[in-house]
Amino acid sequence: NAGVMQNPRHLVRRRGQEARLRCSPMKGHSHVYWYRQLPEEGLKFMVYLQKENIIDESGMPKERFSAEFPKEGPSILRIQQVVRGDSAAYFCASSPPRGSGRDKAAGNTIYFGEGSWLTVV
Amino acid sequence: GENVEQHPSTLSVQEGDSAVIKCTYSDSASNYFPWYKQELGKRPQLIIDIRSNVGEKKDQRIAVTLNKTAKHFSLHITETQPEDSAVYFCAASKYLLGNEKLTFGTGTRLTIIP
């Protein structure tokens, strides 16, 4: 059972270019979350999506950042006109549908991918 | 929104001793509290979690306690080993109560001294 798959693992972009990060959730998972982690810092929530819906984007910068989770295919986090401050690790996570038997004993256990490390030069 | 505070930011303990990391949360509606361990350059991995209807949960050397009234929860690691060295994050969310995103604490860098 493959885990959360993210690609690319490492991405280098020049200032002003676009970055696209992809995330395929675990099989059977319908919720996707994106978190950003700056060096030596914690995990900052960016956006929470379900298929074709944005549930919470309160952590997304107002400009240049967008996210989608289409009916078919992976979730995409898109950063336009990147700046040096966008350099970070971007982690995608997924969780199963609410109340699915697997997680009734705990909570909305979310599983993280290996991350995409973006470097803006 | 939810705010999770975590202390200490760094912690060093002798191998074999116990380590305790504490977190507080602000939203009384939060009902699910997981702990994640992150090694350098790796993804965060769930190590233990607890629901608000339970006061304590243990899994071998790791235990979590929850005081719902005071809105704080703690991670306890006993008989620490070098491989316990990592950054630990607490988190909180509202399971089955709408928005289920996790809000994380700022992390604790735990170093086990051989």
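A note on names: the letters A, B, ... follow the listed sequences, proteins ahead of strands, and every chain is numbered from 1.
- Cation-pi check for B/Lys101 over A/Phe45 is met; the charged atom lies under 6.0 angstrom from the ring centroid and within 45 degrees of its normal.
- Every pair passing salt bridge (charged side-chain N to carboxylate O under 4.0 Å, His left out) that includes a residue from residues 7-30 of chain B is listed here, sequence neighbours excluded: B/Asp27-B/Lys94.
- Using a 4.5 Å cut-off between non-hydrogen atoms, the part of residues 38-48 of chain B that approaches chain A consists of B/Gln38, B/Gly41, B/Lys42, B/Arg43, B/Pro44, B/Leu46.
- At a 4.5 Å heavy-atom cutoff, the contact between A/Gln37 and chain B is made by side-chain atoms alone.
- In terms of hydrophobic clustering, with Ile, Leu, Val, Met, Phe, Trp and Tyr side chains grouped at heavy-atom distances under 4.5 Å, A/Leu77 and A/Met26 are assigned to different clusters.
- Taking OH from A/Tyr48 and CG from B/Leu102, the interatomic distance works out to 10.0 Å, rounded to the nearest 0.5 Å.
- Heavy atoms of other residues, nucleotides or ligands lying less than 6.0 angstrom from CE of A/Met60 number more than 12.
- Shown here are the ring pair (Phe, Tyr, Trp, His ring centres under 6.0 Å) partners of B/Phe33, two or more places apart in sequence or in another chain: B/Tyr25, B/Phe73.
- In A/Lys51, the NZ atom is crowded: over 12 heavy atoms of neighbouring residues, nucleotides or ligands sit closer than 6.0 Å.
- The shortest side-chain heavy-atom distance between B/Tyr36 and A/Leu43 does not fall under the 4.5 Å cut-off.
- Atom CD of A/Gln81 is surrounded by 12 or fewer heavy atoms from other residues, nucleotides or ligands within 6.0 Å.
- Scanning residues 112-121 of chain A against chain B with a 4.5 Å heavy-atom cutoff picks out A/Phe112, A/Gly113, A/Glu114, A/Trp117, ordered by number.
- Cluster annotation: A/Trp34 is not connected to A/Ile55 through the hydrophobic network of ILVMFWY side chains, with a link wherever side-chain heavy atoms come within less than 4.5 Å.
- A/Phe91 and A/Leu38 fall into different hydrophobic clusters, where Ile, Leu, Val, Met, Phe, Trp and Tyr residues are linked whenever their side-chain heavy atoms come under 4.5 Å apart, directly or through other members.
- Surrounding CD of B/Glu79 are at most 12 heavy atoms belonging to other residues, nucleotides or ligands under 6.0 Å away.
- Clustering ILVMFWY residues whenever any of their side-chain heavy atoms sit less than 4.5 angstrom apart, transitively, puts B/Trp35 in a cluster other than the one holding B/Val87.
- Under the 4.5 Å side-chain heavy-atom criterion for grouping Ile, Leu, Val, Met, Phe, Trp and Tyr, B/Ile50 is connected to B/Ile62 within one hydrophobic cluster.
- The local environment of CD in B/Gln14 is crowded, with over 12 non-hydrogen atoms from other residues, nucleotides or ligands closer than 6.0 Å.
- Rounding to the nearest 0.5 Å places OG1 of B/Thr106 at 7.5 Å from NZ of A/Lys44.
- Considering every non-hydrogen atom in both A/Thr109 and B/Tyr32, the closest pair reads OG1-OH, 3.2 Å.
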